[in-house]
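Have a look at the structure below, then the notes.
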Amino acid sequence: MKHVRIRPNRRQLLQMGAAVGGSLVAGREALTLAATPRSLGEPVGPYGERSPFETSVRWRRQSQTSETGASFTPIQDSVGILTPSALHYERHHAGIPPIDPATHRVIIHGMVDRPLSLSMDDIRRLPSVTRILALECGGNSAGEWRARGGADVQRSHGLLSGSEWTGVPLSLLLAEVGVRSDASWIIAEGGDACRMMRSIPLAKAMEDSLLAYGQNGEAMRPAQGYPLRLLNPGWEGNTSVKWLRSLKVTDQPYMARDETSKYSDLMADGTTRLFTYAMEAKSVITFPSGGQTLPARGLCELTGLAWSGLGRIERVEVTTDGGRTWVDAELQEPRLPQALTRFRLPWRFDGQEARIASRAVDSTGYVQPTRQALIAVRGMNSIYHYNGIKVWQVRADGSVTNAEA
Amino acid sequence: MVVVAVAAAFATLSAQAPRHSVGRPPTPEEMRDLGSAIAPDGTGLPDGSGTVGAGRELFAAQCARCHGPDGEGDVGARLVGGEGTLATPRPLKTVGSFWPYATTLWDYVNRAMPFDRPGLLEPSEVYAAVAYVLNLNGIIDEDLVIDAKSLPNVKMPNRDGFLADPRPDVR
């Protein structure tokens with residue numbers, strides 16, 4: 001900037017020659033740029049929005065009515081292990097009820113000594129716990145049974161999200177009401193129009209179920225059960241009843257429609273497994289995954305998500321040669337039980353076709369099975385609880401497709 | 001703070017007392033509002049009854065527009081048929097072929113149907129609708145009256161088709 005202050009006379013200019021003349025031209029340009037004022041940015045605001053350049057959204061699966069159905073998290077665009085609340089997957093059976101927390105109550109009754117009606121203020125006054133947890137719909141990857149999982153990982157695995165949840169341990173409230181010794185189940189009912197209901201074994205409620213009100217640092221979203229939901233860590237999402245209004249302690253499951261005719265697993269022999277609650281260990285590569293294209297040959301970081309409803313992810317192996325060889329991926333810390341765990345592996349794409357897949361191992365020693373192994377035991381009619389290894393096909397031009405379609 | 005102090009006092013009075021003393025007993029009105037969840041043994045079923053004939057009329061008025069005039073399905077789920085298909089490559093899971101308990105049908109119709117106006121039906125209307133759907137599937141005769149006594153005794157065709165979770169099952 002120093003030269004802009006110099007005012008050389010004509011002789012000095014001649015002596016300096018062409019090079020200096022060039023710098024004077026540059027100096028004039030700098031003056032011109034400095035004279036262009038910059039606009040101020042957006043004002044300070046009350047509630048943040050993401051950048052308008054970010055366009056990743058949930059995918060809404062076509063359904064019979066707008067109040068039923070599901071939307072899928074764009075896990076191909078996610079980083080880390082948390083899902084923004086605005087992108088958490090949804091599954092509704094009768095729309096999202098508008099509930100005023102000032103009037104909402106949850107009633108704990110049935111086989112208890114002291115039935116209780118609790119306001120949200122009551123709930124929030126109690127000792128709370130916070131856990132980072134994965135939530136997966138029991139029907140996530142349902143299309144994979146018949147190899148109709150969709151072209152991309154959002155459609156094949158997007159009924160999966162990770163959040164930090166805050167709430168009160170259900171065991172604490174069960175101690176408050178005094179559960180009778182002959183009780184063994186809890187019937188949870190939601191405040192949506194269809195009063196969605198599920199039967200939960202008392203043992204799970206005493207172990208780690210939460211009555212959650214907080215999600216990712218704020219009140220949970222209406223679509224996630226605002227103001228209060230049951231949260232059963234590691235279990236199919238449907239059991240984590242949203243808009244919770246009633247917990248009835250009983251000595252039997254109530255065989256609700258959504259645990260007998262739905263969310264039960266039909267086997268090849270025509271029998272059906274009931275109360276298949278836990279989501280077993282599973283993983284999927286999210287980059288490169290179906291529909292994406294590798295930007296260039298050479299180094300790229302391969303990454304994905306692993307989780308287990310039964311414990312911690314201990315190991316994720318990755319193959320880039322269709323399963324002939326497997327190498328350990330790096331696991332991002334912290335590795336929390338029943339939470340999403342991110343894995344990464346540096347990989348060199350050399351323009352050759354590659355079949356890539358990941359395989360998770362959890363702290364129970366359970367190894368994520370192949371699709372073929374799952375089908376050999378359960379057939380193809382199960383719909384729910386699919387956790388097979390997912391294979392993506394990387395083509396020579398760098399485009400990626402669903403290898404099983 | 002007063003409540004906390006009361007809770008502390010309670011704790012010293014009795015080990016059986018609640019530790020946190022939050023909330024209050026539900027009011028009779030709150031309990032009425034909860035409605036009734038129905039157990040497979042019939043626990044929770046209210047008074048009232050319904051016939052297949054009454055259910056046929058109610059179905060035509062309230063159910064057929066989504067489930068089809070004969071329960072064959074449309075926007076709403078198919079409600080009939082599918083017997084013998086569960087072990088085939090194209091299983092058809094309906095009330096008749098799949099649902100293990102008739103009480104579940106009462107509970108679900110009562111809590112969730114009609115889809116756009118759940119809670120509309122009186123108990124006797126629910127009994128009637130259930131009777132008609134069971135009759136459509138050939139599970140009960142035309143003259144059986146469905147009520148809190150008879151419904152839990154209706155044996156569904158797939159009642160014994162359900163097993164406990166055996167996982168881990170795949171190695």
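Here is how names work: the chains are called A, B, and so on, in the same order as the sequence lines, proteins then strands, and each is numbered from 1. The structure displayed is predicted, hence computed values, not measured ones.
- The CG atom of B:L86 lies 10.0 Å from the CG atom of A:D269; values are rounded to the nearest 0.5 Å.
- At a 4.5 Å heavy-atom cutoff, the contact between A:L374 and chain B is made by backbone and side-chain atoms alike.
- In plain terms, the two heavy atoms of A:N381 and B:P89 that are nearest each other are OD1-O, 3.7 Å.
- Contact annotation for A:L116: both backbone and side-chain heavy atoms come within less than 4.5 Å of a heavy atom of chain B.
- Only the backbone of A:A256 comes within contact range of chain B, with at least one heavy atom under 4.5 Å from a heavy atom of that chain.
- With a 4.5 Å cut-off on side-chain heavy atoms, B:P26 and A:P115 count as touching.
- The nearest pair of heavy atoms linking A:C194 to B:P118 is N-CG, 4.5 Å.
- Across every non-hydrogen atom of B:V22 and A:D122, the tightest pair is CG1-O, 4.1 Å.
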Given the rule in the side-chain contact (heavy atoms from CB on, under 4.5 Å) test, do B:D41 and A:Q252 qualify, once you have shown the distances and angles that lead to the verdict? CA-CA 9 Å; B:D41 65 4; A:Q252 58 183 319; 2.9 Å; yes

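- By the 4.0 Å N-to-carboxylate-O rule, B:E30 lies close enough to A:R105 to be salt-bridged with it.
- A:L274 places a side-chain heavy atom less than 4.5 Å from the side chain of B:F162.
- At least one donor-acceptor pair closer than 3.5 Å links the side chain of A:E176 to the backbone N or O of B:S21.
- Interface residue A:H385: only side-chain heavy atoms are found under 4.5 Å from chain B.
- Using a distance-only test at 3.5 Å, with no hydrogens or angles considered, a donor-acceptor pair links the side chain of B:R167 to the main chain of A:A278.
- Only the side chain of A:T65 comes within contact range of chain B, with heavy atoms under 4.5 Å apart.
- For A:S119, no part lies near chain B; criterion is any non-hydrogen pair under 4.5 Å.
- With a 4.5 Å cut-off on non-hydrogen atoms, B:P168 touches chain A through its backbone and its side chain both.
- Nearest approach of A:M197 to B:A37, heavy atoms of both residues: SD-CB, 3.6 Å.
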Quick one, A:T260 with B:F98, criterion side-chain contact (heavy atoms from CB on, under 4.5 Å). Give me CA distance, side-chain angles, the key distance, then yes/no. CA-CA 9 Å; A:T260 52; B:F98 193 61; over 6 Å; no

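- No donor-acceptor pair under 3.5 Å is formed between the side chain of A:Q64 and the backbone N or O of B:G76.
- Annotation: side chain of A:M255 is not in contact with side chain of B:T103 (no heavy-atom distance under 4.5 Å).
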Please report the C-alpha distance between B:L163 and A:T272 in whole Å, then the side-chain angles of each, then the deciding distance to 0.1 Å, and finally whether the side-chain contact (heavy atoms from CB on, under 4.5 Å) criterion is met. CA-CA 6 Å; B:L163 309 170; A:T272 303; over 6 Å; no

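- Taken from CZ in A:R245 to CG in B:D33, the straight-line distance is 7.0 Å, to the nearest 0.5 Å.
- With respect to A:R257, the side-chain contact (heavy atoms from CB on, under 4.5 Å) criterion is satisfied by exactly one of B:T104, B:V109, B:D107: B:T104.
- Most heavy-atom pairs under 4.5 Å with chain B, from the set A:I187, A:L126, A:T370, A:D265: that is A:L126.
- Looking at A:M380, neither its backbone nor its side chain comes within 4.5 Å of chain B, counting heavy atoms on both sides.
- Between atom OH of residue B:Y108 and atom NZ of residue A:K262 there is a gap of 8.0 Å, rounded to the nearest 0.5 Å.
- In this structure, the portion of A:E189 lying under 4.5 Å from any heavy atom of chain B is its side chain and not its backbone.
- With a threshold of 4.5 angstrom between heavy atoms, B:T88 approaches chain A through N, CA, C or O but not through any side-chain atom.
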Do any side-chain atoms of residues 138-145 of chain B form donor-acceptor pairs under 3.5 angstrom with protein atoms, and if so which ones, sequence neighbours left out?
residue : atom : partner : partner atom : Å
B:E142  : OE1  : B:R56   : NH2          : 3.0
B:E142  : OE2  : B:R56   : NH1          : 3.2
B:E142  : OE2  : B:R56   : NH2          : 3.4

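- Of the atoms belonging to A:L172, it is side-chain heavy atoms, and not backbone ones, that fall under 4.5 Å from chain B.
- For the atom pair CG (A:D251) and OG1 (B:T43), the distance works out to 7.5 Å, reported to the nearest 0.5 Å.
- Note that NZ of B:K93 is 7.5 Å distant from OG of A:S261, once rounded to the nearest 0.5 Å.
- No other option in B:G119, B:A112, B:C66, B:G44 has as many heavy-atom pairs under 4.5 Å with chain A as B:A112.
- Among A:M267, A:H93, A:K248, A:H109, the residue making the largest number of heavy-atom pairs under 4.5 Å with chain B is A:H109.
- Residue contact with chain B, scored on non-hydrogen atoms closer than 4.5 Å, involves the side chain of A:I383 exclusively.
- Note that CG of B:D165 is 10.0 Å distant from OH of A:Y277, once rounded to the nearest 0.5 Å.
- Residue-environment remark: CG (B:N153) exceeds the threshold of 12 foreign heavy atoms within 6.0 Å.
- Contact of A:P127 with chain B is made through the side chain alone, with heavy-atom distances under 4.5 Å.
- No other option in A:T276, A:L118, A:T271, A:I108 has as many heavy-atom pairs under 4.5 Å with chain B as A:T276.
- Within the 4.5 angstrom heavy-atom criterion, only backbone atoms of A:F275 (N, CA, C, O) approach chain B.
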Could you walk me through whether A:R273 and B:D169 pass side-chain contact (heavy atoms from CB on, under 4.5 Å), step by step? CA-CA 12 Å; A:R273 295 175 178 180; B:D169 57 335; 2.6 Å; yes

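- Of the two parts of A:A268, only the backbone, made up of N, CA, C and O, holds a non-hydrogen atom closer than 4.5 Å to a non-hydrogen atom of chain B.
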